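Encoded as structure tokens, the structure appears first; notes follow it.
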Amino acid sequence: MITVSVKPLFTAIFTLSLFLAIVLLSPSSPFSSTPSNKQIGKSDIWGVKRLVEWRPCKWWTHGPRIALPAESNGYIRVDCYGGLNQMRRDFCDGIGIARLLNATLVMPKFEAAAYWNESSGFADVFDVDYFIQQMDGFIKVVKELPPEVALKEPFRVDCSKRKGQFDYIESVLPSLLKYQFISITPAMSQRRDRYPLYAKAALCQACYGALRLTRSLEQKATELLEAIPKPFLSLHLRFEPDMVAYSQCEYQGLSPASKEAIEAARGDRKPWTGELARIWRKRGKCPLTPNETAFIFQALSIPSNTNIYLAAGDGLMEIEGLKSIYANVVTKSALLSGEDFLNMHGNTKAALDYYVSINSDFYVATFFGNMDKMVAAMRAYKGLHNTVFLSRRAYAELTSKGLAGKELKQALWLAHKEDFSMGRGSALPDCFCDFKL
């Protein structure tokens with residue numbers, strides 16, 4: 001009869017159990033529980049499976065190209081106003097209109113508003129030769145006008161109420177044929193869906209395939225990109241005094257300095273009060289504060305040690321509300337030095353933010369403005385889909401119901417998870433088609 005000693009066997013089992021307990025409970029273990037800034041049972045927002053992705057439509061990128069007519073109807077210059085991304089949007093729209101009218105495109109005129117402290121033109125930001133090369137076959141483009149045309153100023157055509165194909169053919173084409181050189185500024189709300197495909201293709205190619213930064217500006221942007229710790233998230237945060245003043249929203253708990261700056265920027269735009277203020281906020285019209293942004297980041301389980309590049313202009317308020325939770329925040333002014341950077345104005349600085357954002361590992365926007373639309377679409381063009389727009393409406397509606405803490409975070413997670421999985425907001429349908437995955 002064979003006997004077995006129980007004591008050594010018990011000791012071995014106890015030792016193995018102790019070892020497994022230490023491994024499983026160790027914070028550094030891959031089997032340990034989720035980090036403290038993540039909610040139990042889910043990963044961060046980037047781990048959500050995408051059901052839909054936006055990609056460049058094949059009719060634009062691979063479709064047959066209609067030959068340009070032998071004769072042009074005249075020359076069109078697009079006059080662009082505002083910040084860089086607004087001017088870029090206007091220019092792209094203008095190219096679609098020029099192709100629609102069979103016009104030859106002249107280099108645009110960039111006319112930044114006085115508050116942008118801007119003097120740079122199109123050629124100071126974008127590579128003109130590259131643009132002309134990439135637009136070959138889509139539309140005729142000239143650097144300079146013929147001498148007989150260059151001596152006169154273009155005839156200004158009001159396009160503020162022109163939005164569709166027949167508006168331009170009926171109202172703008174006669175002026176083009178008569179004066180041979182006209183200038184236009186497209187209306188903000190274009191009906192691009194009504195353009196014929198050859199005009200839409202010219203617009204899409206210009207916006208996403210032909211606009212490249214100048215060599216010197218791209219070199220500076222590359223230098224900035226390389227200086228950012230990797231991987232990183234680019235955050236376009238909008239909480240400047242003019243932005244808040246324009247929104248006509250009021251906020252509780254802001255610092256005296258922020259309140260004073262907002263009041264100085266208000267002018268005759270007085271904030272909504274009472275029930276109107278509540279309705280306005282619930283419609284998602286109020287910019288998210290840095291503190292609200294940090295809260296939503298936590299709801300999306302974005303780790304607090306994430307490297308964040310702040311793609312924002314000067315004058316951002318209440319930034320400590322973000323930095324107190326997400327400490328690894330960097331800016332272009334901190335990473336770049338030199339006289340050339342100090343001499344940059346609004347357009348060139350915005351170009352740096354744009355370049356970094358379209359090349360970032362992750363992109364998050366607290367607004368859905370011109371830059372955000374351009375960046376999201378360009379990222380989709382490049383095959384980068386880790387893009388999220390924080391929902392001001394969801395935050396306002398949920399907080400108005402009294403949700404707070406963990407309950408609010410869970411509700412925000414569900415709202416953003418749905419948007420992210422369906423690719424909502426990640427590209428506009430003018431040049432992009434949705435693909436079911």
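Since we're looking at a predicted model, the values are computed, not measured.
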Aromatic centroids of F297 and Y326 separated by under 6.0 Å: yes

With F420 via ring-ring contact (aromatic ring centres under 6.0 Å, His included) - residues at least two apart: W46

Check against side chain to side chain contact (heavy atoms under 4.5 Å, CB included), N305 and N328: CA-CA 6 Å; N305 62 351; N328 298 338; 4.1 Å; yes

Member of I45, L233, I296 meeting the side chain to side chain contact (heavy atoms under 4.5 Å, CB included) criterion with V364: L233

Lys/Arg cation over aromatic F389: R424, 6.0 Å, 45° cone: no

Nearest heavy atoms of N73 and L173, plus distance in Å: ND2-CD1, 3.9 Å

Residue pair I319 / V329, side-chain heavy-atom distance below 4.5 Å: no

Contacts of E275 that satisfy salt bridge (Lys or Arg N to Asp or Glu O under 4.0 Å) - sequence neighbours left out: R278

Heavy-atom check, side chain of Y363 versus side chain of D372, under 4.5 Å: yes

Nearest atoms (heavy-atom pairs only) where M87 meets G82: CE-O, 3.7 Å

Partner residues of K220 under the salt bridge (Lys or Arg N to Asp or Glu O under 4.0 Å) criterion, sequence neighbours left out: E223, D340

Close side-chain approach of V142 to I132, heavy-atom, < 4.5 Å: no

Any donor-acceptor pair under 3.5 Å from D124 side chain to G121 backbone: yes

F166 atom CZ: more than 12 heavy-atom contacts under 6.0 Å: no

Whether D44 side chain and G47 backbone form a donor-acceptor pair below 3.5 Å: yes

For C286, the option from W272, Y395, W280 that meets side chain to side chain contact (heavy atoms under 4.5 Å, CB included): W280

Close side-chain approach of V52 to K436, heavy-atom, < 4.5 Å: yes

Backbone N/O of S357 and side chain of R379: donor-acceptor pair under 3.5 Å: yes

Lys/Arg cation over aromatic Y251: R281, 6.0 Å, 45° cone: yes

Pair K382-N359, side-chain donor/acceptor within less than 3.5 Å: yes

Side-chain donor-acceptor contact under 3.5 Å, T289 with E318: no

Residue pair R99, F138: steps toward the side chain to side chain contact (heavy atoms under 4.5 Å, CB included) verdict: CA-CA 8 Å; R99 179 65 183 94; F138 287 92; over 6 Å; no

Residues D127, Q134; criterion side chain to side chain contact (heavy atoms under 4.5 Å, CB included); working and verdict: CA-CA 11 Å; D127 186 329; Q134 294 300 310; over 6 Å; no

Stacked cation flag K109 on F122, 6.0 angstrom / 45 deg: no

Donor-acceptor pair, side chain of T331 and main chain of L310, under 3.5 angstrom: no

Closest non-hydrogen atom pair between R156 and I184, with its separation: NH1-C, 3.5 Å

Considering all heavy atoms, the nearest Y81-Q86 contact: O-NE2, 3.2 Å

Set of residues satisfying salt bridge (Lys or Arg N to Asp or Glu O under 4.0 Å) with respect to R393, sequence neighbours excluded: none

Taking every non-hydrogen atom, the tightest pair across R269 and A245: CB-O, 4.0 Å

R392 side-chain N/O to G284 backbone N/O, donor-acceptor pair under 3.5 Å: yes

Sidechain-backbone polar pair: S171 side chain, Y168 backbone, donor-acceptor under 3.5 Å: no

E263 bridged to R266 by N-O distance under 4.0 Å: yes

Q133 backbone acceptor or donor facing D136 side chain under 3.5 Å: no

Donor-acceptor contact below 3.5 Å, side chain Q248 vs main chain K270: yes

D361 side-chain N/O to K230 backbone N/O, donor-acceptor pair under 3.5 Å: no

F432 and its ring-ring contact (aromatic ring centres under 6.0 Å, His included) partner, picked from W59, Y208, W54: Y208

Steps toward side chain to side chain contact (heavy atoms under 4.5 Å, CB included) verdict (N85, V375): CA-CA 10 Å; N85 292 289; V375 168; 5.8 Å; no

Whether over 12 other heavy atoms sit under 6.0 Å from K417 NZ: no

Counterpart residues, ring-ring contact (aromatic ring centres under 6.0 Å, His included), relative to F367 (two or more places apart): none

Which atom of V356 lies closest to which atom of L224, heavy atoms considered: CG2-CD2, 3.7 Å

More than 12 heavy atoms from other groups under 6.0 Å of NZ on K373: yes

Minimum side-chain heavy-atom gap L288-F295 below 4.5 Å: no

Aromatic ring pairing F91/F131, orientation class (parallel under 30°, perpendicular over 60°, tilted between): tilted

Whether D79 side chain and T185 backbone form a donor-acceptor pair below 3.5 Å: no

SG(C431) to SG(C57) below 2.5 Å: no

Under the side chain to side chain donor-acceptor pair (under 3.5 Å) test, residues paired with K332 that sit two or more places apart: D353

Student check: side-chain heavy atoms of L408 and T399 closer than 4.5 Å: yes

